[in-house]
Amino acid sequence: MAEKTIGRDIVPPDLVAKITGRARYAEDFRAEGMVFAKMLLSPMPHARVRRIDASEALRMEGVLGVLTAEDVPEVSTPSEPILTMEPVYEGEPILAVAAVDEATAAEAVERIVVDLEPLPFALDPLLSLRPDGPDARLEGNIYHIDDDVREMRTHKWAAADFDGAPEGRLPMGEPAFDWSIGDVAAGLEQADGIVEETLIHQSLTHHPMEPRSCMAYWQNGKLHVHVSTQSAARCRASLAGMLDMDMEDLVVVAEFCGGGFGSKITAHPTMAMTALLSQKVGRPVMLRVTRYEENYIGRARPGFQAWAKMGFRSDGRMTGLDLYIVQDQGPYGRSGDAFTAATVASLTYQPEHMRFRGVSVFTNTPPRSAQRAPGGAQIIGMLEPLVDKAARELGMDRVAIRRLNAPASDGWVGPNKGSLTSAYPKEALDKAAEIFGWEERIARSGQTNGTRVTGIGVGLSPFVGGSTGFDGLLVIRPDGKLYVHQGIGNLGTHSIADTARAASDLLDLAWEDVVVVWGDSARHQPWSSVQAGSQTIHAHTRANHAAATQAKRKLQEIAARDLGGSPNAYEVGDGRIFQRSNPGRGMTLARAAERAIELGGAYDGHELDEDLHAMTRASATALAGTGLVSAAKDTYPHDGSTWSWVVGMAEVAIDTETGALEIMEFTGVADCGTVVHPRSLAAQIHGGCIQGFGIARSQKWVYDPKWGVPFAKRFYTARPPGILDVPLSPRWGALDIPDPQTPVGARGIGEPPVGAGSAAITSAVADALGGECLCRTPLTTDVILAAIEGTEKPYRPLETHV
Amino acid sequence: MDDVEIILDAGPKTYSRRTFIKGVIAAGAAVSASGYLFRGPGLLSARPTAQGSVERLITLSVNGQQRRVDVLPHETLAMTLRYKLGLTGTKLGCDRAECGACTVLIDGVNHYSCSMLTHQVRGRQITTIEGLAAADGTLHPVQQAVVDEGGFQCAFCAPGFVMSMAAMVATNPDPTREEAAHALSGNLCRCGDYNKILNCAMRAAELSRTTA
Amino acid sequence: MEILRRAANPWGQEVWIGIGWDLMWLALILGALFTIGHAIWVRSTRGEIPAAPSDPGAASGIPERVTRHGGSARAFHWLMSVAMFALLITAFFPVAGIQFPWVTIHWVAGVALTLLVAWHVFDSSIRRDFWSMWIGRKDVAEAFAQLKDVLSGSEDGGERAGKYPIDHKMYHHATVAVGLGVIVTGLLMMVRIDTPFWPQNPYLLGDGTWGVVYVLHGLCGVALITMIMAHVYFAVRPEKLWLTRSMIKGWITRTEFLSHFDPEKWKVADAGTEVPTAGGGSGAPAGVTPTDHTTV
Amino acid sequence: MAMMRDMIPGFELFQPADIDDAVELLDRHGSDAWVLAGGLDSFDWFKDRIKRPKAVIELGAIGELTGIRETDDGGLEIGAMTSLADVAAHPAIRERFGLLADAAGLVATPQIRNQGTLGGNLCQDTRCWYYRSGWPCYRAGGNTCYAAAPQAMNREHCVLGASRCVAVNPADTAPAVVALDAKMVIRSRGGERVVDADDFFIGPAIDITRMTVLEPGDLLTSVRIPADWANATFYFEKVRDRVAWDFALVSVASALKVEGGTIRDVRLAVNGVAPYPMRLDMVEQAVVGQRQSEEVAANAGIMAIQRARPLRHNDYKVPLMRNLVRRALRETA
């Protein structure tokens with residue numbers, strides 16, 4: 001028997017390429033005759049283009065063409081266009097120029113005259129909600145969606161809503177959406193202790209290391225694009241949609257992705273822009289996106305201005321949770337963060353009664369999208385310090401109060417009180433407390449050493465951990481190797497390899513005999529989940545397990561056909577298919593592959609299951625005849641939603657004379673089902689938590705309110721955490737309790753750590769400040785020092801983008 | 001939206017909004033002109049070379065090879081490596097000395113290649129990620145350490161980190177974990193894989209001690 | 001030559017930010033050319049200054065010393081000149097490359113000048129005769145007469161002036177225009193710098209409007225360079241020294257009075273003595289009589 | 001003009017072999033010339049396409065600008081092109097003038113210290129993001145300070161020494177050279193002149209468009225550290241948001257001579273609070289002759305901030321400066 005690969009550290013198949021410079025990311029490709037594109041970005045937060053004069057630029061030697069909004073597909077408000085005549089944020093692309101070299105393209109852009117008429121702009125949702133407040137869009141400031149209506153609307157609150165609110169408390173006018181469980185008023189009525197706070201969470205750019213550069217060319221009627229995307233197969237589908245073309249005419253090469261965190265889930269307008277510009281000038285085009293541009297077009301997490309009121313019984317049980325979220329929507333689309341935030345809160349605390357109200361307001365700031373734990377990271381980082389406050393008032397241990405309210409597998413989630421596949425947050429809290437040494441450390445809470453005071457924090461953070469119903473595609477070739485075709489992306493989670501283990505283990509193959517095929521759509525991909533929302537390990541261990549099960553059955557049938565007996569009498573092992581009763585009687589998988597080709601039909605992919613997605617069918621058909629082809633859809637039963645959990649515990653030290661914050665110790669413990677790849681899991685936990693640290697302590701946006709333009713648009717002003725801003729030796733753990741409703745038992749883990757990391761820090765800082773919740777992120781040096789010194793705070797109570 | 005005047009040639013033309021016409025044109029590869037980032041002065045409106053200014057055609061010592069290359073006065077080393085010498089292992093994450101993805105070794109010392117002119121390194125030994133492994137493919141101790149520890153996630157930062165690790169083990173083959181962190185503090189990892197990266201660094205030091 | 005300094009505002013729109021400093025040098029050159037030119041012209045056209053008529057003595061009823069500038073008027077003039085020089089030096093020396101912390105001195109001097117002008121307006125219009133600076137029909141006639149003399153080169157003093165000759169009046173009014181220009185724009189600009197009076201605020205006006213304000217301030221400023229140069233030049237010309245002295249001591253001699261002024265236009269009486277006037281009755285201090293401008 | 005970034009406009013590059021050639025080139029090109037040392041400040045300007053010099057004079061080839069030499073008076077002379085890493089690591093500097101080694105060692109990141117030079121660090125321009133965005137502010141020759149507007153984002157701007165412009169000096173080594181009474185050696189066509197570090201940095205009141213006394217044609221060739229403060233008691237601290245890369249929110253540098261618990265002499269400078277590294281002469285005078293104590297340190301801190309006038313978003317700098325001054329006089333005890 002070959003050693004099972006699940007639960008074992010392996011060397012990812014792409015690692016050596018990554019550290020020898022051979023791994024090729026989008027900007028590393030060249031094509032014969034390749035030219036360069038540069039974008040002209042709007043200098044105004046909101047404007048109307050009155051006139052574009054590119055004549056001087058086009059007269060320049062080497063300038064090949066200009067692409068404007070006139071050349072791209074129209075989209076309906078509030079969707080994001082590829083290029084625009086009404087820029088709605090500073091930095092939005094208005095046009096793109098192609099030239100034989102990048103310097104010429106840059107000079108050409110500077111010579112294009114764009115006459116812009118400034119329009120009113122809004123940076124702060126609360127200002128836009130004022131009766132006389134500006135709207136970010138000419139069509140209004142919210143996008144209304146209900147069962148029968150989807151339209152832009154102007155949503156304003158009454159002056160009384162603002163005047164009535166006590167200084168510093170979130171004004172709460174008419175919400176745009178809401179839901180309730182039970183009667184929150186009654187719930188708060190029953191409470192022995194109440195905590196109430198206004199909470200401010202910043203918007204922040206994803207800033208993956210690799211900007212979304214793109215290279216595109218047209219060849220023989222096909223569009224070839226080299227892109228940076230999280231999800232290979234799904235990027236191809238959405239880009240085809242964006243360009244209104246058939247998927248067959250589109251080759252997407254996405255072998256490596258330099259990080260996405262939700263900003264590169266599928267196709268991005270710049271991909272279509274590059275393709276269309278290439279089409280227009282008849283040359284391969286490279287759009288080299290810079291960090292400066294990435295800040296504008298690279299997506300961001302929506303900020304919240306929120307208010308929460310929690311009621312607790314004396315035993316610590318949460319009787320009521322009243323939540324109001326004003327969401328900074330950015331200029332386009334409709335972000336689900338606020339909804340998810342409420343759902344996550346309901347799951348984490350299982351309140352007996354809950355009410356959620358919210359409004360998502362358009363602003364003239366860069367487009368938002370999911371950012372690792374969208375909504376979840378914000379709300380957990382914001383609410384956990386309130387739970388601490390309640391624990392203090394009730395004289396309870398802060399782990400205990402979380403343990404008490406957290407759900408077990410029979411818990412519920414969301415407005416419809418949906419069920420869970422399984423959940424072990426209580427156990428995760430126990431394990432974290434043990435690894436972190438909660439009991440010993442909590443004794444140091446608030447103690448000072450010289451000018452440094454210690455704070456201990458804890459955060460409990462769930463997030464959706466998987467989807468279902470995708471396809472797996474495998475080929476056992478005459479070389480005896482198993483080829484696992486992956487349509488998911490490769491952004492460093494190692495999912496391309498780890499989800500393949502479901503197949504290799506089931507077919508009992510040595511890992512060396514497994515070949516993972518990924519990244520290039522010309523190499524035949526199955527219909528796959530997006531590589532986002534922690535779906536992949538769950539969705540594709542299932543899909544590959546289904547395909548491997550089908551492959552095993554085909555092997556058994558081939559063996560039975562050639563060697564007699566019933567298929568069920570045969571077992572796979574060590575690269576062979578053999579009779580259980582007489583292991584000597586069997587054949588190698590190599591031989592079986594040859595036989596499959598000879599037999600044809602279903603065995604070598606000429607006949608396929610009916611329920612496969614068109615993309616999978618096309619890929620399997622292309623592979624037909626190359627070996628034993630197995631293509632199957634994940635139809636395993638799945639009841640309830642799948643959530644993973646991470647507990648973060650941190651010890652921080654705050655210098656009371658400077659406000660400097662140091663994270664001394666950190667422990668992250670996950671409940672994410674079966675552990676497939678320990679080292680990679682640890683990396684996901686720590687990496688996610690570190691992004692949480694960035695949210696909690698340093699990363700931010702800064703906008704000048706007069707001009708509506710940003711300043712914190714570079715790394716040194718946006719301040720993502722560096723290696724010296726995090727603990728030297730963080731610890732981790734995982735429960736490794738399989739989820740009963742998925743074959744391999746693995747749940748996703750990408751998202752939950754972010755909220756855990758953020759909350760552990762906001763909680764620890766509040767603890768160090770004697771329980772004072774600053775209720776705002778990021779907790780930068782100046783914010784902390786102002787709190788300690790009692791000087792004027794560096795921000796107004798509800799101020800955003802500072 | 002109202003009509004917008006758009007002048008895309010010598011004379012003005014007014015377009016009104018129209019829907020996108022589906023269809024693809026077979027473009028293929030047209031005239032070969034792979035000068036990439038920069039071309040001759042004609043396209044750069046560069047003044048005729050002033051007396052005493054640098055010669056454009058220079059020899060660079062990259063990964064042990066002498067490479068003749070035409071370098072413009074304002075060209076950064078990262079651009080020369082990536083677009084003139086085809087060494088795309090050196091990444092550009094910010095182009096502003098704020099992320100370290102472009103880190104290369106100059107005479108064994110780690111520098112941001114995005115923030116130095118190629119002309120500043122004439123006659124100096126340039127080592128990029130491509131030049132780290134031995135000719136026979138044997139990995140550099142640092143690279144081997146990364147393989148041993150399964151380092152990096154998206155790995156866009158990896159070439160830069162690896163080069164900084166190489167510089168570190170050359171000067172301090174027996175660092176504490178904290179010293180290693182300081183040696184690598186000029187490289188950013190947005191995946192937040194710092195713990196594993198430090199494990200790699202410590203392992204790299206260990207390997208370089210044993211192989212040395 | 002750079003006349004206007006332009007820049008792109010944060011939204012990429014072109015705005016004015018001020019005058020080109022070449023204009024400062026231009027103003028200096030113009031001032032120099034004028035003085036030199038005038039000196040040469042005077043030397044070539046006029047001979048020696050026409051001899052003053054012999055002193056008719058006290059009989060003429062003209063006091064020996066005719067008061068020309070009261071104490072307050074002189075105080076105003078000299079204080080204003082101090083403020084003016086402070087302003088010009090702090091404004092233009094740094095531009096010329098002589099650097100020092102000039103901003104505070106500049107705005108303080110500016111405020112001083114403003115107060116002086118306010119006081120002068122009050123003083124000249126309420127306490128003294130506002131109309132003495134008015135350019136009336138007689139002044140025009142006088143101007144023509146002088147012009148005729150110049151052209152005909154006739155040597156007799158020709159038409160003699162009232163208390164303030166037409167050229168003085170014209171210079172004064174030019175100064176009023178330019179002075180008010182710098183003062184108004186200057187006071188606005190103070191909103192943009194850190195003063196004890198209010199918080200710094202660059203957004204009181206739109207940046208387009210600010211551009212105009214800065215350009216006006218600059219233009220008036222450089223105009224003053226030329227005007228002050230001309231003024232100082234005349235003050236030190238030998239044939240005008242008696243006027244300069246009068247600005248220091250306050251009086252001119254009877255001889256000077258008779259040779260430069262028309263007693264009909266500028267009625268004076270022996271200091272302290274009452275003289276019947278056409279207006280009759282009301283006494284007036286030596287110097288100006290109420291009828292100065294009404295008797296035609 | 002359109003916003004275009006990250007593409008360096010063309011220029012002529014000169015790499016003189018000695019100081020005379022460099023000075024001659026500077027003189028020839030006047031205001032079209034740009035001096036390139038490590039380039040970490042320069043490249044930002046070039047890539048933002050805001051500064052477009054015609055002639056860039058790169059000093060890397062000038063050997064005499066690099067290195068650290070002992071001077072006859074027992075002090076040190078540090079070539080302006082000596083890398084910050086070398087300054088931070090040099091035995092003599094660490095041993096006798098540790099203050100400067102500490103400051104240089106806290107600059108940005110290892111790669112930046114390997115390439116950045118002492119001269120470049122001292123001469124760098126302010127990081128005010130309004131100015132750096134190419135806005136027509138006073139410092140850029142315009143007529144506005146956008147950072148001092150009532151609603152402006154000025155968390156990192158100054159609380160002292162403002163004059164229309166409220167930007168701060170970002171150099172980590174600047175307060176150290178001021179506290180060490182360093183002398184700045186400047187060469188130009190007119191010859192050599194030596195300027196006290198304290199006078200080298202100028203505020204906007206004197207020239208709003210420059211950070212130092214250097215004018216077109218001037219070249220900072222070396223920094224002389226006199227022996228006066230060798231082996232004194234030093235303290236340097238830099239408070240910043242992130243441990244790497246970030247500029248100081250506030251930094252403090254102090255040199256003390258203490259005999260028998262009494263402060264015989266002291267130099268105290270802070271940066272990040274004013275448009276120039278600010279020497280606190282009055283505080284120095286107040287503490288000299290006093291016994292070093294918590295009380296003296298505390299009073300010094302309070303005295304240091306007496307004239308501070310915070311902007312909308314930087315009140316925190318006042319207590320931060322006060323506390324750092326207190327530490328500088330206390331913790332060295």
Below 4.5 Å from any heavy atom of chain D, which atoms of T717(A) appear? Answer side chain, backbone, both or neither. side chain

Salt bridge (charged side-chain N to carboxylate O under 4.0 Å, His left out): which pairs involve residues 242-252 of chain D, sequence neighbours left out? R719(A)-D246(D), R242(D)-D246(D)

The interface call for P778(A) against chain D, heavy-atom contacts under 4.5 Å, is neither

Atom CZ in R240(D), atom OG1 in T780(A): separation rounded to 0.5 Å? 16.0 Å

Do NZ/NE/NH1/NH2 and the carboxylate oxygens of E107(A) and R52(D) come within less than 4.0 Å? no

Are D241(D) and T781(A) linked by a side-chain donor-acceptor pair shorter than 3.5 Å? yes

Whatever's closer than 4.5 Å to a heavy atom in chain D on V709(A) counts as side chain

Between L40(A) and M4(D), does the side chain to side chain contact (heavy atoms under 4.5 Å, CB included) criterion hold? Intermediate values first, please. CA-CA 7 Å; L40(A) 186 152; M4(D) 175 49 61; over 6 Å; no

Nearest 0.5 Å, what's the CG-CD distance between D6(D) and E293(A)? 7.0 Å

Distance from Y316(D) atom OH to T658(A) atom OG1, nearest 0.5 Å? 11.5 Å

Rounded distance [0.5 Å steps], CE in M7(D) versus CZ in F36(A): 8.0 Å

List in chain and number order the residues that pass salt bridge (Lys or Arg N to Asp or Glu O under 4.0 Å) with E27(A), two or more places apart in sequence or in another chain; answer none if no residue qualifies. R82(B)

Verify, without hydrogens or angle tests, whether D315(D) (side chain) and A786(A) (backbone) share a donor-acceptor contact under 3.5 angstrom. no

What do you reckon, is CZ of R309(D) surrounded by more than 12 foreign heavy atoms closer than 6.0 Å? no

For the student: nearest non-hydrogen atoms of R127(D) and Y716(A), plus distance: CG-OH, 2.8 Å

Using heavy-atom distances under 4.5 Å, tell me whether A106(A) contacts chain D through its side chain, its backbone, both, or neither. both

Are there over 12 heavy-atom neighbours, none belonging to E295(D), within less than 6.0 Å of that residue's CD? no

Looking at side-chain heavy atoms only, is the closest gap between P794(A) and R155(D) below 4.5 Å? no

Hey, could you give me each pair passing salt bridge (charged side-chain N to carboxylate O under 4.0 Å, His left out) that has a residue in residues 784-796 of chain A? Not counting sequence neighbours. E789(A)-R322(D), E792(A)-R312(D), R796(A)-E799(A)

Sort by residue number and list every member of residues 128-140 of chain D having a non-hydrogen atom under 4.5 Å from chain A. W129(D), Y130(D), S133(D), W135(D)

Would you say the side chain of R49(D) lies within less than 4.5 Å of the side chain of E110(A), judging by non-hydrogen atoms? yes

I need the minimum non-hydrogen distance between M3(D) and Y292(A), along with the two atoms involved. SD-OH, 3.6 Å

Below 4.5 Å from any heavy atom of chain A, which atoms of L320(D) appear? Answer side chain, backbone, both or neither. both

Taking all non-hydrogen atoms of both residues into account, name the closest pair between P319(D) and L785(A) and its distance. CG-CD2, 4.5 Å

So, R714(A) and D44(D), do they make that salt bridge, N to O below 4.0 Å? yes

Would you give the length of the straight line joining atom CG of N323(D) to atom OG1 of T451(A), rounded to the nearest 0.5 angstrom? 9.0 Å

Approximate separation, where rounding is to 0.5 Å, of L41(A) CG and R5(D) CZ: 9.5 Å

Check this for me, if you would: do E657(A) and R326(D) make a salt bridge, where the nitrogen-to-carboxylate-oxygen distance has to be below 4.0 angstrom? yes

Interface moiety of V802(A) toward chain D, non-hydrogen atoms closer than 4.5 Å: both

